[in-house]
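Only this structure's heavy atoms are used, side chains among them; waters, hydrogens and symmetry mates stay out. Chain naming here is simple, since letters A, B, ... match the order of the sequence lines and numbering starts at 1 in each.
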Amino acid sequence: EAGVAQSPRYKIIEKRQSVAFWCNPISGHATLYWYQQILGQGPKLLIQFQNNGVVDDSQLPKDRFSAERLKGVDSTLKIQPAKLEDSAVYLCASSLDEEGWGYTFGSGTRLTVV
Amino acid sequence: KNQVEQSPQSLIILEGKNCTLQCNYTVSPFSNLRWYKQDTGRGPVSLTIMTFSENTKSNGRYTATLDADTKQSSLHITASQLSDSASYICVVTPSRDAGNMLTFGGGTRLMVKP
């Protein structure tokens, strides 16, 4: 079974630039999550989608972060403009439903803002 | 507030030794509890998943236990190997009527030395 695909694997940008991350969840998974994980800390949920609707985006810094899942499958997470403190691993995960069955993480995108 | 606390925060052991990592949670009622292994800069990989009715689950040299009465779980690693060096994260999924946000522990960073 294919896992959760994320790209790019690594990204280095200068502050104030913009960046986008892509996630393709496991086929049939209705729930998709984006997390930010700063080195040495546990993942922090940024946004949770159920199909193409947003379930929770309470911790998403909406002044600079945006995410969409237009067709209820792939998702993109964008940062514009980036700040130094955005340097982190951005993890995408998906699950069959909101209770988290089949929950699987992608390999993540490591972002470095210089 | 749902919380997951892990201990110790970090641990260094010699190759071949056993170790036990702890996870205490306040999430109640909960649907399932998972242990993940996360290599630096990579996405977490699932080791075990237990429902509230299960007491133990093994995956090779990894054995997870769960005491739903005391709200404690442990991950026991037997005959450690250098490749076990990673962060180990405990994640609790609340049941549907307790809110659906997966709650992450801060992780235990394990280093196995030769």
Side-chain angles (χ1 to χ4, degrees), chain A residues 1 3-12 21 23-26 30-50 53-59 87-112, chain B residues 1-11 21 23-25 27-54 85-111:
Chain A
E1 177 187 82
V4 176
Q6 285 190 249
S7 66
R9 186 72 184 88
Y10 303 94
K11 189 74 176 177
I12 300 174
F21 312 128
C23 173
N24 185 10
I26 291 175
T31 311
L32 185 147
Y33 315 77
W34 281 104
Y35 294 89
Q36 179 192 61
Q37 187 176 25
I38 293 171
L39 187 64
Q41 299 180 17
K44 182 182 84 171
L45 179 68
L46 294 176
I47 188 167
Q48 177 180 337
F49 292 96
Q50 181 69 15
V54 175
V55 173
D56 185 346
D57 63 356
S58 57
Q59 298 195 87
S87 294
V89 175
Y90 290 85
L91 295 166
C92 178
S94 69
S95 63
L96 284 166
D97 56 26
E98 289 180 86
E99 285 205 346
W101 291 104
Y103 188 85
T104 306
F105 281 98
S107 295
T109 295
R110 179 183 281 236
L111 173 67
T112 302
Chain B
K1 180 181 176 181
N2 292 334
Q3 286 187 311
V4 177
E5 303 282 344
Q6 289 188 243
S7 63
Q9 200 168 34
S10 61
L11 182 62
L21 314 181
C23 173
N24 297 338
Y25 61 92
V27 180
S28 182
F30 80 97
S31 177
N32 56 75
L33 184 147
R34 314 155 194 266
W35 283 93
Y36 286 88
K37 177 186 178 186
Q38 185 176 24
D39 294 314
T40 301
R42 309 286 303 189
V45 174
S46 180
L47 294 175
T48 63
I49 177 171
M50 292 182 290
T51 65
F52 65 90
S53 61
E54 296 179 286
S85 295
S87 288
Y88 292 83
I89 304 174
C90 175
V91 183
V92 180
T93 304
S95 63
R96 190 179 293 273
D97 57 359
N100 289 320
M101 185 175 294
L102 284 84
T103 306
F104 288 77
T108 293
R109 293 173 66 85
L110 174 67
M111 180 179 295

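No part of A:Q6 comes within reach of chain B, as not one of its non-hydrogen atoms sits under 4.5 angstrom from that chain. Within the 4.5 angstrom heavy-atom criterion, no atom of B:Q9 approaches chain A. Residue B:S10 does not touch chain A at all, counting heavy-atom pairs closer than 4.5 Å.
Side-chain contact between A:Q37 and B:I89 is present, with heavy atoms from C-beta onward closer than 4.5 Å.
Between chain B and the residues A:K44, A:R110, A:R9, the largest count of heavy-atom pairs under 4.5 Å involves A:R9.
B:G43 and A:L91 make their closest contact through CA-CD2, 3.5 Å (heavy atoms, listed as atom of the first residue, atom of the second, distance).
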